[in-house]
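Below is one structure, written out as structure tokens; comments come after it.
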Amino acid sequence: MSKVTEVSKLQNDASGGPAATVVEAGSPVPEDAQIVITIDGPAGTGKSTIARQLAERLGLDFLDTGAMYRAAAAIALDEEIDLADTEALVARVTQADLHFDWSASPPTIMALPASGGDFAPLDHRIRDADVTSVVSEIAAIGALRAHMVRKQRIIASQHPHLVSEGRDQGSVVFPDALCKFYLDAEPGVRAVRRAAQLIERGEQPDIDELRAQIERRDHLDSTRSDGPLLCADDAVVVDTSHLSITQVLDRLEAEVRARLAQDADV
């Protein structure tokens with residue numbers, strides 16, 4: 001299966017290569033441009049950080065679809081819903097009406113409590129270890145994925161200038177996106193990155209166990225029948241193992257601005 005990997009214009013140094021000067025760097029994209037950028041890849045490749053900062057650079061909105069599945073997992077765990085009872089789980093998540101508070105940066109995932117009342121934020125909960133341990137299992141539920149895809153497309157209709165990151169954004173949710181990126185990294189590197197996040201939160205992670213968890217999650221995400229982790233044929237693949245955040249951002253921004261300039265010339 002062919003994929004666009006490290007296209008030549010992305011290999012130019014961001015300070016002097018031609019791709020970096022196609023459109024003025026640092027300026028927002030044109031307001032009248034209808035643009036969806038997708039960033040897919042396995043856990044620990046920096047997708048969320050890169051997507052959020054790329055959206056800031058380009059003046060676009062940022063959609064963290066992983067937060068939606070993590071919110072579903074948090075709801076199931078906190079309300080003691082049997083994960084095998086997929087019908088009850090999907091019904092509860094649907095009732096929770098997951099959405100984002102776009103006034104926050106990054107946007108905050110919100111849900112209706114089972115008891116009713118006002119929407120409550122779940123951002124404090126969705127990165128916890130117990131949520132991480134079951135999110136792949138929950139994300140494999142076909143009916144839940146269908147529900148999430150519908151919601152993500154509705155979000156895109158309401159926010160047509162969007163950077164959306166996840167596992168199947170370019171391959172399933174937005175197959176006609178202007179730019180599709182697939183970020184990857186070596187499992188060992190991803191484990192170190194995850195450990196640094198946990199240490200910052202006061203935890204003491206085991207690197208070997210983290211790597212094993214990452215490899216198990218990769219397997220689950222790539223082999224599930226509904227919305228598996230896939231690299232779209234027309235995605236630009238970037239291995240972030242030995243790149244800084246700034247280097248990755250420069251490459252992605254250069255590609256987006258080149259595509260925008262190309263469309264403007266058509």
pair Lys180-Gln169: side-chain heavy atoms closer than 4.5 Å: no
Can you tell me how far the CG atom of Asp221 sits from the CD1 atom of Ile214, to the nearest 0.5 Å? 11.5 Å
Do Ser171 and Tyr182 make a side-chain contact, defined as non-hydrogen atoms from C-beta onward lying under 4.5 Å apart? no
Min side-chain heavy-atom separation Ile39-Ile50 under 4.5 Å: yes
Kindly give the heavy-atom pair with the smallest separation between Ala73 and Ile138, and that separation in Å. CA-CD1, 3.3 Å
So which heavy atom on Leu54 is nearest to which on Leu249, and how close? N-CD2, 3.5 Å
Does the distance from a Lys or Arg side-chain N to an Asp or Glu carboxylate O, for Arg211 and Asp206, drop under 4.0 Å? no
Do Leu260 and Leu178 have side chains that get closer than 4.5 Å, going by heavy atoms? yes
Which of these, Lys47, Arg193, Gln247, Arg190, sits in a side-chain hydrogen bond (donor to acceptor under 3.5 Å, both in side chains) with Thr240? Arg193
Look up atom CD1 in Ile155 and atom CG in Leu63, then write down how far apart they are to the nearest 0.5 Å. 5.0 Å
For residues 103-118, dump all side-chain donor-acceptor pairs below 3.5 Å to protein atoms at least two apart in sequence or in another chain.
from	atom 1	to	atom 2	distance (Å)
Ser103	OG	Asp101	OD1	2.5
Ser103	OG	Asp101	OD2	3.3

Atom pair CG/SG of Asp184 and Cys231 - distance to nearest 0.5 Å: 8.5 Å
Applying the 4.5 Å side-chain criterion to the ILVMFWY set and letting contacts propagate, would Phe174 and Ile35 be lumped into a single cluster? no
Please lay out, stage by stage, how Arg224 and Asp168 fare under the test salt bridge (charged side-chain N to carboxylate O under 4.0 Å, His left out). CA-CA 12 Å; Arg224 66 188 178 218; Asp168 60 353; 5.6 Å; no
Could you pull out the closest heavy-atom pair between Val172 and Arg153, with the gap in Å? O-NH2, 2.9 Å
Interatomic spacing from CG in Asp61 to CG in Leu58 - rounded to 0.5 Å: 11.5 Å
Phe62 vs Glu56, side-chain contact (heavy atoms from CB on, under 4.5 Å): CA-CA, chis, key distance, verdict: CA-CA 8 Å; Phe62 162 56; Glu56 290 175 356; over 6 Å; no
Leu198 reachable from Val192 in the ILVMFWY side-chain graph, under 4.5 Å edges: no
Hey, quick one: are Leu144 and Leu229 part of the same hydrophobic cluster, counting side-chain heavy atoms closer than 4.5 Å, chains of contacts allowed? no
Before you tell me yes or no, could you show the steps for Asp250 and Arg57 under side-chain contact (heavy atoms from CB on, under 4.5 Å), namely the whole-Å CA-CA distance, both residues' side-chain angles and the distance that decides it to 0.1 Å? CA-CA 10 Å; Asp250 287 346; Arg57 281 192 180 194; 2.8 Å; yes
Would you say Ser48 and Glu165 are linked by a side-chain donor-acceptor pair, where the criterion is simply a distance under 3.5 Å? yes
Go through it in stages, so that I can follow the logic: the residues are Asp64 and Arg70, the test is salt bridge (charged side-chain N to carboxylate O under 4.0 Å, His left out), and I'd like the CA-CA distance, side-chain angles, deciding distance and then a yes or no. CA-CA 10 Å; Asp64 179 0; Arg70 285 177 170 274; over 6 Å; no
Enter the distance from Glu137:CD to Tyr69:OH here, rounded to the nearest 0.5 Å. 15.0 Å
For Arg194 and Glu203, what are the C-alpha separation, side-chain angles and deciding distance, and is it a salt bridge (charged side-chain N to carboxylate O under 4.0 Å, His left out)? CA-CA 11 Å; Arg194 178 59 177 158; Glu203 301 180 35; over 6 Å; no
Salt bridge (charged side-chain N to carboxylate O under 4.0 Å, His left out): which pairs involve residues 81-92, sequence neighbours left out? Glu79-Arg92
Check each of His219, Gln213, Arg217 against Ser136 using the side-chain hydrogen bond (donor to acceptor under 3.5 Å, both in side chains) test, and report the only one that passes. Arg217
Beyond-backbone contact of Leu60 with Leu162, side-chain heavy atoms, under 4.5 angstrom: no
Closest non-hydrogen atom pair between Leu122 and Ala71, with its separation: CD1-CB, 3.8 Å
Taking side chain as C-beta onward, heavy atoms only, is Glu255 less than 4.5 Å from Phe181? yes
Heavy-atom distance under 4.5 Å between the side chains of Val131 and Arg125, does that happen here? yes
According to a hydrophobic-cluster definition based on side-chain heavy atoms being under 4.5 Å apart (Ile, Leu, Val, Met, Phe, Trp, Tyr only), do Ile126 and Val93 belong together? yes
Can you run down the ring pair (Phe, Tyr, Trp, His ring centres under 6.0 Å) pairs that involve residues 105-141, sequence neighbours left out, and say none if there aren't any? His99-Phe119
Between Ile207 and Ala195, what is the shortest heavy-atom contact and its length? CD1-CB, 3.3 Å
Leu220 with Val134, same ILVMFWY side-chain cluster at under 4.5 Å: no
Residue pair Ile199 / Pro205: nearest heavy atoms and the distance that separates them: CG1-CD, 3.7 Å
Walk me through it: do Leu243 and Arg251 pass the test side-chain contact (heavy atoms from CB on, under 4.5 Å)? CA-CA 10 Å; Leu243 298 175; Arg251 293 188 177 193; 3.9 Å; yes
Nearest 0.5 Å, please: how far is CD in Gln152 from CG in Leu98? 10.5 Å
For Cys179 and Val236, what are the C-alpha separation, side-chain angles and deciding distance, and is it a side-chain contact (heavy atoms from CB on, under 4.5 Å)? CA-CA 8 Å; Cys179 288; Val236 174; over 6 Å; no
With a 4.5 Å cut-off on side-chain heavy atoms, are Asp226 and Ile141 touching? no
Establish, from distance only, whether the side-chain atoms of Arg167 and Thr65 form a donor-acceptor pair under 3.5 Å. no
